[in-house]
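First the structure, in the form of structure tokens, and then the observations on it.
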Amino acid sequence: MASLEMKWVTRHLSAGERLGEILFGLIMTLTFTLSVGVVFGEGEGADRDLLIATIGCNTAWGIIDGALLILGRVFDRGRAVRIGNAIRHGASDENAIAAVASELDETLEPITSPGIRESVYRDVVSRVRAATPQRNSIRGEDWIAALAVFWLVFFSSLPAALPFLFIKDPWIGLRVSNALLIGLLFFVGFRWAGYTSINRWRAGIMLTIVGIALVAAAIALGG
């Protein structure tokens, strides 16, 4: 997992985003491998077919999730541009401050007093009005962040494909693959608990239980 924490990844994705992408890759792949054995069976060439299908699944979802990240970031910036336009073209300072407050109150209210917040909002309004309006478009850092998402989704679940390279019996390879993914769920919870105040062992166990429950729900619903 250390390779998933490289500087270029951590620079463009927060710890929460990285955790979410890794969990998505693991849970998606575990759902796929638990249900795909029924399709491929245990005949000749099934191990190769499972290997190709697992890698293809990881690749497809890594690309899809990266594209969704870009769309999400463009949407968020679009909201910021809309608020900036409302501030610049607002009829009064009060309306502009109200627009800023509607966006920031939820975050700042628990940790600031009303007077401090009003001062901050006035400063924001002043700075936005003085700044040059920005175009909302896809930026270079969006592409890098999308590549980071692909890296996390693809390579975090890549161990699921490794058993099919070394184990010829597709049924055994599939079970080893599933065991590896469940073990990775625990490891991810144990590792990422370091970003919080949660006990590492408790986090690992809970994440494993939740992951297995989500996989079971997905399979039951035909996912």
Side-chain angles (χ1 to χ4, degrees), residues 4-28 57-157 188 192 195-198 207 210-211 214 217-218 221 223:
L4 301 179
E5 289 285 279
M6 294 187 298
K7 286 185 178 180
W8 71 275
V9 174
T10 59
R11 187 182 305 118
H12 291 91
L13 297 175
S14 69
E17 288 175 325
R18 299 196 304 273
L19 174 62
E21 296 302 338
I22 291 173
L23 289 179
F24 175 80
L26 292 176
I27 291 173
M28 176 273 301
C57 179
N58 295 350
T59 302
W61 279 108
I63 293 171
I64 291 170
D65 224 22
L68 291 177
L69 177 85
I70 291 176
L71 292 176
R73 292 195 170 188
V74 171
F75 172 79
D76 287 340
R77 284 199 298 271
R79 289 181 66 249
V81 169
R82 178 183 62 80
I83 296 167
N85 290 334
I87 291 173
R88 292 185 188 92
H89 305 300
S92 65
D93 287 349
E94 287 70 24
N95 289 339
I97 291 171
V100 176
S102 67
E103 294 295 320
L104 299 182
D105 262 352
E106 184 177 355
T107 301
L108 296 181
E109 190 171 8
I111 57 175
T112 59
S113 65
I116 293 296
R117 286 199 303 279
E118 182 175 356
S119 176
V120 170
Y121 297 160
R122 287 187 181 277
D123 187 56
V124 170
V125 168
S126 175
R127 289 176 179 273
V128 169
R129 284 176 171 170
T132 302
Q134 299 292 317
R135 291 180 61 251
N136 183 26
S137 59
I138 299 177
R139 301 174 180 174
E141 57 262 33
D142 295 332
W143 292 108
I144 298 175
L147 181 61
V149 165
F150 174 83
W151 175 270
L152 292 176
V153 172
F154 181 82
F155 286 97
S156 65
S157 51
V188 168
W192 255 261
Y195 291 102
T196 71
S197 59
I198 303 173
L207 197 58
V210 169
L214 291 174
L221 294 172

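The figures that follow rest on heavy atoms only: side chains count, while hydrogens, waters and symmetry mates do not.
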Give the minimum heavy-atom separation between Tyr121 and Leu108, together with the two atoms involved.
CE2-CD1, 3.8 Å
Which atom of His12 lies closest to which atom of Glu17, heavy atoms considered
O-OE1, 4.1 Å
Please check if atom CD1 in Ile198 has more than 12 non-hydrogen atoms from other residues, nucleotides or ligands closer than 6.0 Å.
no
Would you call Val153 and Ile64 a side-chain contact if the rule is heavy atoms closer than 4.5 Å?
no
Spacing of Ile63 atom CD1 and Leu68 atom CG [to the nearest 0.5 Å]:
12.0 Å
Interatomic distance, Ile70 atom CD1 to Arg139 atom CZ [nearest 0.5 angstrom]:
13.0 Å
Tell me if a side-chain donor or acceptor on Arg18 pairs with a main-chain N or O of Val9 at a distance below 3.5 Å.
no
Closest heavy-atom pair and its distance - Ile87, Arg129
O-NE, 3.1 Å
When you measure from the side chain of Trp143 to the backbone N and O of Ile138, does any donor-acceptor pair fall under 3.5 Å?
no
Could you tell me whether the side chain of Leu26 reaches within less than 4.5 Å of the side chain of Val188, counting heavy atoms only?
yes
If we only count heavy atoms from C-beta on, is the Leu69 to Leu13 side-chain gap below 4.5 Å?
yes
Is Ile116 atom CD1 crowded by more than 12 heavy atoms from other residues, nucleotides or ligands, each under 6.0 Å away?
no
Would you name the heavy atoms of Val149 and Gly66 that are closest together and state the gap between them?
CG1-N, 3.6 Å
For the pair Phe150 and Phe154, name the ring-plane relationship: parallel under 30°, tilted 30 to 60°, perpendicular over 60°.
parallel
Are side-chain heavy atoms of Trp192 and Ile22 found at a separation under 4.5 Å?
yes
Which residue pairs satisfy the side chain to side chain donor-acceptor pair (under 3.5 Å) criterion with at least one member in residues 63-78, sequence neighbours excluded?
Arg77-Asp142
Side chains of Val100 and Val128 in contact at under 4.5 Å (non-hydrogen atoms):
no
